[in-house]
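One structure is given here, and the rest of the page talks about it.
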2 protein chains.
Amino acid sequence: MAQKRGAGRDGYHHGDLRQAMIDAAEAVLAERGVGGFTLRECARRAGVSAAAPAHHFGNLAGLLTAVATLGFDDLSDAMEAAAARASATGGSRLAAICRAYLETALARPGRFRVVFGRRELDKEDPEMQRAGARAFGILVAETRAHRAGLAAPPPGPLPSETATAPDFAEILLVWSVTHGFTTLLIDGQFDFLVGEDGTEALLELFSRRLVQLLVAALPPEPALAKRGHDG
Amino acid sequence: MAQKRGAGRDGYHHGDLRQAMIDAAEAVLAERGVGGFTLRECARRAGVSAAAPAHHFGNLAGLLTAVATLGFDDLSDAMEAAAARASATGGSRLAAICRAYLETALARPGRFRVVFGRRELDKEDPEMQRAGARAFGILVAETRAHRAGLAAPPPGPLPSETATAPDFAEILLVWSVTHGFTTLLIDGQFDFLVGEDGTEALLELFSRRLVQLLVAALPPEPALAKRGHDG
DNA sequence: AGGAACAACTTGACACTGTACAGATGAGGG
DNA sequence: CCCTCATCTGTACAGTGTCAAGTTGTTCCT
């Protein structure tokens, strides 16, 4: 019974290999990065043979997909928490979620790289699709609420035809700025400008200046308040 | 003698293996993508043993670095050509280089992924540093010219202390938007919104709406005309 | 021209990788 | 109690990047 719940290993069966593999994957990503990521190394850390994970994840892509799902949900959690905090202190929710996006990626760059395209994932996986849609939904809702001048987005499900919405461009602009800066920073493209220890300064620059320019670039559209969600 | 110049293979020595390997690398990247990229496969296509490339590139990272250098220069060439075309037709040069960035990446997504971080490169390589600085320099110059209201950036070398320049944020904003949109599109993050065949529509959306919002977000600063380059 | 030095390439090996398959193991349901 | 079946092991295979030692051809010096 300690077998089914604990992380330990009593005998032949592991008990909770799926979770153990995911934990190991996170650790390997943190230590070695996505380049040094290996299925066999994860299995080794979980104290299990190289072929064991196949039953739980199918193949390498399956494990990475599970990690990516976690990554999406972490992104969502961080953005929601940041938005709530901003509401409490009277700050801009939209600016808060952009900053949270960047901070989450910086906290776990390996995982972030798994989420966004580095290696092949199983894009049909319903759990990952749900997690991805959730994160994107936050972006949509907060962008709309900002433009409508609302304090917070109204509750409710996301509209399904986002791609044809009149504010599609504004939404993608917010995502592009945030994702672009994050990616460039994570991948070290700013290193030749500020050195490797300039991350803190760049984070400040992003929060104080980039996001300000972005937020100012979004034309207000009070009509969206009516549509808001579900429109 | 046909040995030193041609791509053919007469005897023991190849003659121009370095270029042959780069060509093969580009082909493999185009066919199989960065995930299916392999040093041995490139060597096979160049008609050479697996260990042969080591003498020219050191290791895999060396070959990828050479490809990345090409990618940076292609980006620069495309941006310069687009800017010149925009000047001729009276369009916005800044908008043109943003679109060129996206189009270049879409034309060769595998190479673009090599340039921006997927696998480990030799970041100390002087040729790649030069190519990267050149591409970034175009971005800096065009952003400044745009804000200064100039038709084109004045000739001259780039200022060296870009990172502390007052318009650093504006420059990074342009890069972030363009790079972010490009990365998200290339990595298929928009697929769940518009399907896989919506690329053309997204390119239009980017050029007509995203870039417009971006360009409008950049506050004009005529004072930069004095500084411009070399300031 | 002859030979020596040297760069370019091959061969063979090693330690890895992901994955497939057959077999061992043990938990839980009838 | 035993039987089923998910889970895990062991082994194997093709393929990877890289290294060391040996071959081959060019080039340059005398």
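Order of the sequence lines sets the chain letters (A, B, ...), proteins ahead of strands, with each chain counted from 1. Side-chain atoms are counted along with the backbone in the values below, which use heavy atoms only and exclude waters and symmetry mates.
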Just how far, in rounded Å, is [atom2] of [N] from [atom1] of [X]?
{"X": "B:Leu17", "N": "C:dA8", "atom1": "CG", "atom2": "P", "answer": "9 Å"}
{"X": "A:Leu63", "N": "C:dT19", "atom1": "CG", "atom2": "P", "answer": "10 Å"}
{"X": "B:Phe57", "N": "C:dC9", "atom1": "CZ", "atom2": "P", "answer": "11 Å"}
{"X": "B:Glu120", "N": "D:dG17", "atom1": "CD", "atom2": "P", "answer": "14 Å"}

Is the shortest side-chain N/O distance from A:His56 to OP1 or OP2 of D:dA6 below 4.0 Å?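 Answer is no, no contact under 4.0 Å.
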Please check the phosphate of C:dA7 (OP1 and OP2 only) for any side-chain N or O of B:His55 closer than 4.0 Å.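 Indeed not, no polar side-chain atom of B:His55 lies that close.
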Are A:Thr178 and A:Leu139 packed together at the side-chain level, in the sense that at least one heavy-atom pair is separated by less than 4.5 angstrom?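 No. Closest side-chain heavy atoms not under 4.5 Å.
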Heavy-atom check, side chain of A:Leu203 versus side chain of A:Arg99, under 4.5 Å: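 A:Leu203 reaches A:Arg99 side chain to side chain.
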A:Arg209 bridged to B:Glu170 by N-O distance under 4.0 Å: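 Yes.
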Any salt bridge between A:Glu26 and A:Arg45, counting N to O under 4.0 Å?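 Salt bridge: no.
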Close aromatic pair by centroid cut-off 6.0 Å: A:Phe72 and A:Phe136: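 Here the rings of A:Phe136 and A:Phe72 have centres that are no less than 6.0 Å from each other.
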Let me have a per-nucleotide readout for nucleotides 12-18 of chain C, 5' to 3', with B, S or -, counting only protein heavy atoms under 4.0 Å. -B---SB
Pairing of DNA chain C as dot-bracket, 5' to 3': ( ) intra-strand, [ ] crossing, | other strand, . unpaired, with Watson-Crick or G-U pairs under 3.5 Å? ||||||||||||||||||||||||||||||
What's the closest nucleotide to the side chain of A:Ala50 if the choices are C:dT19, D:dC8, C:dT10?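 My answer, after comparing the listed nucleotides, is C:dT19.
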Whether B:Asp125 side chain and B:Glu127 backbone form a donor-acceptor pair below 3.5 Å: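 Yes, the answer is positive, given that a donor and an acceptor are paired below the 3.5 Å cut-off.
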Any donor-acceptor pair under 3.5 Å from B:Glu142 side chain to B:Pro153 backbone: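 Absent.
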The test is salt bridge (Lys or Arg N to Asp or Glu O under 4.0 Å); show your working for B:Asp73 and B:Arg130 and say whether it passes. CA-CA 9 Å; B:Asp73 276 329; B:Arg130 174 205 57 76; 2.8 Å; yes
